[in-house]
Amino acid sequence: MSTSPAPDALLGPADIRELAAALGVRPTKQRGQNFVIDANTVRRIVRTAEVRPDDVVVEVGPGLGSLTLALLEVAERVTAVEIDDVLATALPATIAARMPQRADRFALVHCDAMHVGELPGPPPTALVANLPYNVAVPVLLHMLDTFPSIERTLVMVQAEVADRLAAGPGSKVYGVPSVKANWYAEVKRAGSIGRNVFWPAPNVDSGLVSLVRRTEPLRTTATKGEVFAVVDAAFAQRRKTLRAALAGWAGSAAAAEAALVAAGVSPQARGEALTVEEFARIAEHKEPVQQ
């Protein structure tokens with residue numbers, strides 16, 4: 001008996017609308033919901049993510065299950081994290097109806113992805129998701145932080161967010177998301193997605209971002225929290241020089257200058273010019289603030 005999914009197991013535009021109507025679901029702006037209605041697009045995402053037959057994939061915001069089904073065609077296991085009550089209740093039934101031979105490889109976690117702390121089954125090796133646009137960056141960083149077993153990530157986000165995540169030092173859009181994502185992984189743009197593959201069609205373009213986890217964590221004596229505090233301070237006033245921008249963080253402009261000089265960074269530089277390694281060096285040289 002073959003275990004390969006039927007060719008029509010994936011959801012098309014009519015299937016999506018039929019499912020949504022049966023559930024009384026209207027995509028909500030509040031949750032940034034836009035459902036993918038094109039089977040070719042979800043297969044392309046799975047290919048671009050380089051999902052392998054031995055992968056344990058975690059998906060955030062599966063919606064009606066378009067991408068979930070495409071992931072189940074390939075991966076060993078898929079665990080979906082869904083906050084919406086109606087969608088979370090309906091998804092296992094959709095999987096069972098359209099891909100019964102793989103239903104036992106699927107698990108659903110009904111909660112807010114920002115608060116998920118553990119997942120059933122073996123540790124996830126990959127994260128593949130069409131992330132809700134309004135919470136994409138915090139959810140991505142939370143998942144990378146909480147599940148160090150995730151080696152490869154491919155997320156679909158608003159094009160502007162994709163550009164920001166993948167930006168390098170010196171770019172106009174380089175900022176907090178770029179540096180924090182780079183703390184965990186090598187980040188790059190992995191393609192664009194048109195508006196017409198979604199229902200409802202969003203009024204922005206979408207982009208794919210690939211993140212491959214660093215094989216060795218960044219070498220620094222500073223903690224992630226200490227490094228991120230420098231990053232947040234540097235970009236809170238991005239037009240200011242680091243001497244001025246980091247004054248509050250260091251306790252004074254003079255203390256900020258001392259930390260910068262010790263780290264080998266010009267006090268006149270701005271945050272957008274620095275690599276994550278340089279932010280880590282600055283964090284290492286913070287002097288305790290005198291009371």
Side-chain angles (χ1 to χ4, degrees), residues 10-17 19-20 25-49 58-71 80-84 86-87 112-114 127-144 152-182 184-211 235-236 238 272:
L10 300 195
L11 298 169
D15 303 311
I16 292 281
R17 288 190 171 85
L19 258 176
V25 166
R26 293 289 311 161
T28 75
K29 260 212 167 103
Q30 180 202 351
R31 293 208 166 135
Q33 289 169 332
N34 297 90
F35 300 131
V36 182
I37 55 173
D38 179 60
N40 290 330
T41 298
V42 289
R43 284 209 173 102
R44 178 186 151 203
I45 290 169
V46 173
R47 272 200 314 277
T48 307
V58 58
E59 181 190 7
V60 172
L64 292 166
S66 308
L67 179 56
T68 319
L69 288 161
L71 288 165
V81 180
E82 177 58 69
I83 188 174
D84 187 290
V86 176
L87 295 173
D112 182 343
M114 279 303 294
L127 165 64
V128 184
N130 168 19
L131 288 178
Y133 287 172
N134 47 355
V135 291
V137 172
V139 165
L140 173 63
L141 296 176
H142 172 75
M143 295 298 288
L144 289 173
R152 284 161 292 119
T153 294
L154 187 82
V155 290
M156 175 157 58
V157 292
Q158 198 171 320
E160 188 188 323
V161 175
D163 291 339
R164 257 188 255 148
L165 281 166
S171 158
K172 277 200 179 99
V173 293
Y174 182 71
V176 173
S178 334
V179 185
K180 291 186 178 178
N182 204 232
Y184 299 102
E186 298 295 327
V187 190
K188 66 174 203 272
R189 268 292 227 132
S192 299
I193 303 280
R195 303 177 188 196
N196 58 347
V197 301
F198 294 98
W199 173 68
N203 53 9
V204 290
D205 292 319
S206 302
L208 298 174
V209 181
S210 155
L211 300 96
F235 286 103
R238 64 185 296 151
E272 63 211 41

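- When side chains are defined from C-beta on, L141 counts as touching Y184, because their heavy atoms get closer than 4.5 Å.
- The shortest non-hydrogen separation linking R195 to N203 is NH1-O, 3.1 Å.
- A 4.5 Å side-chain heavy-atom check between L140 and L211 finds at least one atom pair inside the cut-off.
- Counting all heavy atoms, side chain and backbone alike, L64 lies closest to F35 at CD1-CD1, 3.8 Å.
- Counting all heavy atoms, side chain and backbone alike, P177 lies closest to V137 at CB-CG1, 4.0 Å.
- For S66, there are no side-chain hydrogen bond (donor to acceptor under 3.5 Å, both in side chains) partners at least two apart in sequence or on another chain.
- Residue A190 comes nearest to L154 through the heavy atom pair CB-CD1, 3.9 Å, listed as atom of the first residue, atom of the second, then distance.
- Of all the heavy atoms in D84 and E82, the pair that sits closest is N-OE2, 2.9 Å.
- Nearest approach of P62 to T68, heavy atoms of both residues: CB-OG1, 3.4 Å.
- The distance from atom CZ of R152 to atom CD of E186, rounded to the nearest 0.5 Å, is 15.5 Å.
- For the atom pair CG of L208 and CZ of R44, the computed distance is 5.5 Å after rounding to the nearest 0.5 Å.
- Annotation: side chain of V46 is in contact with side chain of L67 (closest heavy-atom distance under 4.5 Å).
- Separating the CG atom in N196 from the CD1 atom in I37 is a distance of 8.0 Å, to the nearest 0.5 Å.
- Atom CD1 of residue I193 and atom CE of residue M156 lie 5.5 Å apart, to the nearest 0.5 angstrom.
- Contact of the L69 side chain with the V42 side chain is not registered, since no non-hydrogen atoms from C-beta on lie closer than 4.5 Å.
- Residue V36 forms a side chain to side chain contact (heavy atoms under 4.5 Å, CB included) with just one option from I16, L11, T41, and that option is T41.
- Put simply, the side chain of N34 gets close to the backbone of P200: a donor and an acceptor are under 3.5 Å apart.
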Pair up each side-chain donor or acceptor in residues 164-175 with any protein partner under 3.5 Å, not counting sequence neighbours, and list the distances.
| residue | atom | partner | partner atom | Å |
| --- | --- | --- | --- | --- |
| R164 | NH2 | E160 | OE2 | 2.6 |
| S171 | OG | V173 | N | 3.1 |
| Y174 | OH | L274 | O | 2.5 |

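- In this structure, CD on Q158 lies 12.0 Å from CG on L131, to the nearest 0.5 angstrom.
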